[in-house]
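Counting convention: from 1, in listed order, for ligands and their atoms alike.
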Amino acid sequence: MSDQIFEIVRTYPDPVAQKQYDNLVGIDHIKNRLKIEAAVILNPAGITTWSESFYKKEVELVKVLKQRPPLFIFAGDVGTGKTALAESFANEIANTEKVNITLFKLSLSARGSGIVGEITKLISESFDQLRKEAQSLSGSKSTLIFFIDEADALAQSREASQMHHEDKAGVNALIRGIDSIKDLPIPVLVIMCTNRHSSIDPAIRRRSAVTFEFSRPSQEQCFSLFKSYLTELSITDEEIKEAVSMCIPYDGLSYGYTYSDLTQKVLPSLLLNSYPDNPVTFETLTEVIKTTPPTTPFNEYQGS
Ligand SMILES: Nc1ncnc2c1ncn2[C@@H]1O[C@H](COP(=O)(O)OP(=O)(O)OP(=O)(O)O)[C@@H](O)[C@H]1O
Ligand SMILES: [Mg+2]
């Protein structure tokens, strides 16, 4: 059933997700904003209680807030933590708001062939499933997140299409879907990730309650990431600082590493270049950095 459409169905609270969330460093500004924004959508009773306790009624501004489409966009360069955060933050909300959350993940670039009709169908069927799921959970303390990863396919399919009437089919399906979940018996939040924010249809961008911008780590963020792994390996702060200056920006380039370059290439190589005969040293670290170029930025983020 739903597992044929969705790639991942995950429920929270989930201690594994907490660990993944905690491992994402340097994005506290995003985490903090996301926590409060998601909490008011997934537990709307909370803000009503707040309003009643201070103003003895649900004030107009709370009503305005609740009118917003339950859509967040995570936009930014490759390997900057969009997918990792989207798949892990729900644990925090489940714990603080005392709700059960089920996340349904659909990855458009993996699943849609780029043919407009196919993506449109996928989106419509996903929302059908979500509505059914929400109806069946009516009356419980359950909430749903619909996570559309790699949503660029929505934009790509429009570019590929020559026919005007098909142009906006996927976009319209998404808008219809979002509109259709507002009145379900339990809260549903939609999250879209994209590398190509500027090519997402303006109608969707306008609807997003919040757009979170993800970027490559700054020197400070790179420092805290290195520090969280290297201090216990006896690499000093001075050495980490020097390594950071080689990474951000990277030798002669206008950009530096992505988070995933650091966690999936540089740090693992450092370990494997030391194992099995030697402990980790600063010299090995600089050697690995010199031989590991950063991922080229996605066009849109070049030079930023
Ligand atoms: N802020 C961070 N702190 C630590 N590690 C991070 C951070 N962001 C990303 N990573 C690491 O990079 C990996 C890849 O991140 P993720 O898949 O979330 O990137 P993405 O933004 O979704 O990229 P893409 O646009 O290519 O899909 C994560 O699994 C994690 O190991
Ligand atoms: Mg991703």
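For Thr48 and Glu58, the side-chain atoms include at least one donor-acceptor pair closer than 3.5 Å. No side-chain N or O of Arg205 forms a donor-acceptor pair with one of Thr211 less than 3.5 Å apart. For Asp14 and Gln18, the side-chain atoms include no donor-acceptor pair closer than 3.5 Å.
Closest approach of Leu130 to Leu144, counting heavy atoms only: O-CD1, 3.7 Å.
Here the side chain of Ser138 pairs no donor or acceptor atom with the backbone of Pro185 at under 3.5 angstrom. A donor-acceptor contact shorter than 3.5 Å links the side chain of Gln221 to the backbone of Ser218.
Near Leu225, the atoms of ligand 1 lying under 4.0 angstrom from a non-hydrogen atom of the residue are 4 (C).
Taking atom 18 (O) of ligand 1 as the reference point, the nearest protein heavy-atom neighbour is Ala84 N, 2.8 Å. Distance from atom 5 (N) of ligand 1 to its nearest protein heavy atom, with residue and atom name: Thr263 CG2, 3.5 Å. Residue, atom and distance of the protein heavy atom nearest to atom 17 (O) of ligand 1 are Thr83 CB, 3.8 Å. For atom 21 (O) of ligand 1, the closest non-hydrogen atom on the protein side is Lys82 NZ, 2.8 Å. In terms of protein heavy-atom proximity, atom 6 (C) of ligand 1 is nearest to Tyr259 CB, 3.5 Å.
Using bins of under 30°, 30° to 60° and over 60° for the plane-to-plane angle, the ring pair Phe127/Phe146 lands in the perpendicular bin.
Tested against Glu87, the residues Gln20, Lys105, Lys82 include a single side-chain hydrogen bond (donor to acceptor under 3.5 Å, both in side chains) partner, Lys105.
Remark: distances from the non-hydrogen atoms of Gln264 to ligand 1 include one below 4.0 Å.
At under 3.5 Å, not a single nitrogen or oxygen of Leu85, backbone or side chain, sits near a nitrogen or oxygen of ligand 1. Of the polar atoms of Gly76, none of the N or O atoms is found under 3.5 Å from an N or O of ligand 1, judged by distance alone. Residue Gly79 places at least one N or O, backbone or side chain, under 3.5 Å from an N or O of ligand 1.
Counting only non-hydrogen atoms, the option in Ser260, Ser228, Ser224 that gets closest to atom 14 (C) of ligand 1 is Ser260. Remark: among candidates Val25, Thr295, Asn195, Thr80, the nearest residue to atom 1 (N) of ligand 1 is Val25, based on non-hydrogen atoms.
At a heavy-atom distance under 4.0 Å, only backbone atoms of Asn23 (N, CA, C or O) approach ligand 1.
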### Task
Apply side chain to side chain donor-acceptor pair (under 3.5 Å) to Thr236 and Lys241, showing your working.
CA-CA 9 Å; Thr236 67; Lys241 220 178 249 171; over 6 Å; no

